[in-house]
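One structure is given below, encoded as structure tokens.
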Amino acid sequence: MQLAQRVQQLPPYLFARISELIAQKRAAGVDVISLGIGDPDLPTPPHILDALKQAADVPVNHRYPESDGLPEFRRSIARWYQQRHGVALDPDKEVVPLIGSKEGIGHLPLCLIDPGDVALMTDPGYPVYEIGTMFAGGTSVKIPLREEDGWLPRLDEIAPDVARRAKVIWLNYPNNPTGAVCDRAFFERAVAWAKQYDVAIAHDLAYADVAYDGYRPTSILEVDGAKDVAIEFNSLSKAFNMTGWRVGMAVGNATLVNALTRVKTNLDSGIPQAIQAMAMAALDGPLDAVEDHNRIYQARRDRVVGVLRELGLRLEPPKASLYVWARLPEGERSSGEFAARLIDATGVVVTPGAAYGEAGEGYIRISLTTPDDRLDEAMRRLSAFAKGQSVL
Ligand SMILES: *Cc1c(COP(=O)(O)O)cnc(C)c1O
């Protein structure tokens, strides 16, 4: 038996050494605290769970859903975009619900990429853009992001022949892993650039509603003419603590939404209807929980920022996303080495920036989704380590 190239080409787990170290520490009885994973620790709000419980008793929800989602859920998404972003969407042509936004991100390349085609994406970046492209037989060209540019790509430095060959560019603001945000002017430049070179824009807005200090993330669809070129992925996972329920959406350009819907019709049978009922309860219901979560993450962010600075890491407190992205102290080169040293000395796990691409080397990422008491313990250990005290 021989597996297909696309499976053989899947990257190996980059930080085998770190997993090994975690396993060793646990075996030695160390209470390991992971700050590596971006999965909200707080529960899904009760009014959303109630919608699931009620929907479970409705027999029609026991049967196959439609691949393109319940019409009332698509209308609910359109209403949300209107209220939240001032963007008008046709719920029948410009909206498709997804089994978590990752599902749509993984499948979109099947709509745009033929074997040998080029997709542009940023480095560092969320790995699914590249893997989805590879599954479709395409090639990824990485645009390096730099701290001095606020982690925004220099679109005018993309070589014109590469731009002309590219079928799609992936963007993600608020950004994972860097926590960077962009303003409307950047999206205006991106839309103009995409039109100039006839490239589709796939914007990942997973952190649309995870933001701090009064900052409100922008949808690329707020820009005039964006719908001519852009599809946007959005998700209930992070804002409503619903990662476990798997529900998100793609909205925007009708041709792309239609193509993605057709691909999905042939691969999956849509989101369980009881889960669509939850999603409607989330989008149509009170948003106090979203604000409460953001206050909790913001307080964690402020706690983490101080301790990371004690360790000599350099950083800007993020305005959005679930991540603090920090530059290694002067003289430190390898994010993997640094992370390994922290685990060894403190039992605290951070993600090496190199896991998100070459341009992420020299940085680490800390997630704000660890419960307060565990995060406090992790920060106590890191602070003691910074002072040269023994921790474990
Ligand atoms: C979490 C995350 C997603 C996936 O979210 P789901 O809707 O749960 O699939 C997509 N993009 C980025 C950048 C993320 O961090």
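Please read all numbers here as calculations on a predicted model, not as lab measurements. One-based numbering, in listed order, for ligands and for the atoms of each.
Close approach of ligand 1 to Lys238 (heavy-atom distance below 4.0 Å) involves ligand atoms 1 (C), 2 (C), 3 (C), 5 (O), 14 (C), 15 (O). Within the listing of ligand 1, atoms 6 (P), 7 (O), 8 (O) sit less than 4.0 angstrom from a heavy atom of Ser237. Close contacts between ligand 1 and Arg246 involve ligand atoms 6 (P), 8 (O), 9 (O) [criterion: under 4.0 Å to a heavy atom]. Atom numbering of ligand 1 starts at 1 in the shown order; those under 4.0 Å from a heavy atom of Gly100 are 7 (O), 9 (O).
In summary, the side chains of Thr44 and Trp245 do present a donor paired with an acceptor at a separation below 3.5 Å, with no hydrogens or angles considered.
Checking only distances, Asp204 does come within under 3.5 Å of ligand 1, N or O to N or O.
By the 6.0 Å and 45° rule, Arg164 does not stack over the aromatic ring of Tyr197.
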Can you check side chain to side chain contact (heavy atoms under 4.5 Å, CB included) on Ile143 and Asp123, steps first, answer last? CA-CA 6 Å; Ile143 312 167; Asp123 172 4; over 6 Å; no
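Assignment of Phe233 to the shell around ligand 1 is not supported, since no heavy atom sits closer than 4.0 Å. Not a single heavy atom of Thr243 sits under 4.0 Å from any atom of ligand 1.
With a heavy-atom cut-off of 4.0 Å, Ser101 touches ligand 1 through backbone and side chain alike.
A centroid separation of 6.0 Å or more is found between the aromatic rings of Tyr173 and Tyr207.
Between Arg154 and Glu148, at least one side-chain nitrogen of the basic residue sits less than 4.0 Å from a carboxylate oxygen of the acidic one, meeting the salt-bridge criterion.
The residue among Tyr323, Tyr173, Tyr207 with a heavy atom at the shortest distance from atom 15 (O) of ligand 1 is Tyr207.
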